[in-house]
Amino acid sequence: PDLATSFLEQPLDNPLMNAAGVWCTLAAQLDALVESSAGALVTKSCTLSRRDGNAEPRYRALPLGSINSMGLPNEGYAYYLDYAACHDYERKPLFVSVSGLSLDDNLTIVAALREAVLPAFLELNLSCPNVEGKPQPGYDFEAMDQFLAEVATAYRRPFGVKLPPYFDFVHFDTAAEILNRYDNLAFITCINSIGNGLVIDTDSESTVIRPKDGFGGLGGDYVLPTALANVNAFYRRCPGKTIIGCGGVQTGAHVFQHLLAGATLVQVGTALHEEGPSIFDRLQHELRELMAKKGYSRIEEFRGRLKTL
Ligand SMILES: O=C(O)c1[nH]c(=O)[nH]c(=O)c1I
């Protein structure tokens, strides 16, 4: 079976990439993703200036996934624009994730990205749950609409958004109605971590990460059904847009499920953090095996074809 696909008319060897924030803060990590068999890669969400992020421990791997409250540690947007300027786009597409601390910061970064005239894809992160005192725009529909109105106008080129998980059909409907207003909003990445979970260690009777009294974003097995729901909800509601699936991917079957739900590309976070970039070889092998067993030779034969009962 062939895993070749395309994204916004760009060909990719396969639909797999990292999730923003994982294995992508420093150039050496990004280089490792370029060298890996990932079909594409995305940079750590960036802010105007470099940030240390929250106090450690701020990430914990768990039997069923992960919890994190990194606090947006990153090298500052110039660092990632420099990386994007040196990337070989013939090899694989590069996405730049932007998560400015204010609308103005986002507009400054987006303007710089536009001025750089790079073939990189902008993934506007509206869903960071871990910056104390910064509510995420993804859960404030008025703020989200304003951010998109200004960014869509300033950037003028195709871009995408990274959304938080929603858990109610009214929220799916409202968010989709906003996103559908912006013609150059070309893709939607669902989901970011499930925000502000609390993991407790029974023996120590304590939280397991330091920031925010232990409250942090959940990833891994915990989030797969929610991720699939959000992928399919926006796939159904935004027919003119491309969906990128993110959340809970650990096996080729999980990739298959995201594709079935309507995803075009599939991002890997927690499992990549734990296994490293070789995971992209394993996931492709497992996906090919599953496709062969089902008699599929190309992804387009089943992508978006989720059956209902
Ligand atoms: O804490 C983080 O840096 C972080 N952590 C997440 O789970 N999602 C995000 O978008 C971000 I910006």
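Read the numbers this way: they start at 1 and go in the same order the structure lists the ligands and their atoms.
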*Asks:* With a 3.5 Å cut-off and no angle check, do the side chains of Ser204 and Asp201 form a donor-acceptor pair?
*Replies:*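 Checked: Ser204/Asp201 side chains pair up, N/O donor to acceptor below 3.5 Å.
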
*Asks:* Pairs under 3.5 angstrom, nitrogen or oxygen on both sides, ligand 1 versus protein: list them out, please.
*Replies:*
from     : atom 1 : to     : atom 2 : distance (Å)
ligand 1 : 1 (O)  : Asn68  : OD1    : 3.4
ligand 1 : 1 (O)  : Met70  : N      : 3.1
ligand 1 : 1 (O)  : Gly71  : N      : 2.9
ligand 1 : 1 (O)  : Asn130 : ND2    : 2.9
ligand 1 : 3 (O)  : Lys44  : NZ     : 2.8
ligand 1 : 3 (O)  : Leu72  : N      : 2.8
ligand 1 : 5 (N)  : Asn68  : OD1    : 3.0
ligand 1 : 5 (N)  : Asn130 : ND2    : 3.1
ligand 1 : 7 (O)  : Asn68  : ND2    : 2.8
ligand 1 : 7 (O)  : Ser193 : OG     : 2.8
ligand 1 : 8 (N)  : Asn192 : OD1    : 2.8
ligand 1 : 10 (O) : Asn125 : ND2    : 2.9
ligand 1 : 10 (O) : Asn192 : ND2    : 2.9

*Asks:* Are a donor atom and an acceptor atom from the side chains of Lys212 and Asn54 found within less than 3.5 Å of each other?
*Replies:*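 Result is no, nothing qualifies.
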
*Asks:* According to side-chain hydrogen bond (donor to acceptor under 3.5 Å, both in side chains), does anything in residues 131-149 pair up with another residue at least two apart or in another chain? List the pairs.
*Replies:*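 Every pair satisfying side-chain hydrogen bond (donor to acceptor under 3.5 Å, both in side chains) with a residue in residues 131-149: Asp145-Arg181, Asp145-Tyr182.
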
*Asks:* Determine, stepwise, if the pair Phe172 / Phe167 fulfils ring-ring contact (aromatic ring centres under 6.0 Å, His included).
*Replies:* CA-CA 8 Å; Phe172 291 145; Phe167 302 90; 8.4 Å; no

*Asks:* Are side-chain N/O atoms of Glu286 and Gln250 paired as donor and acceptor at under 3.5 Å?
*Replies:*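 No - no donor-acceptor pair under 3.5 Å links their side chains.
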
*Asks:* Assess the side chains of Asn125 and Ser97: does a donor N or O sit below 3.5 Å from an acceptor N or O?
*Replies:*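 Their side chains do not contain a donor-acceptor pair, so the 3.5 Å distance test is not met.
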
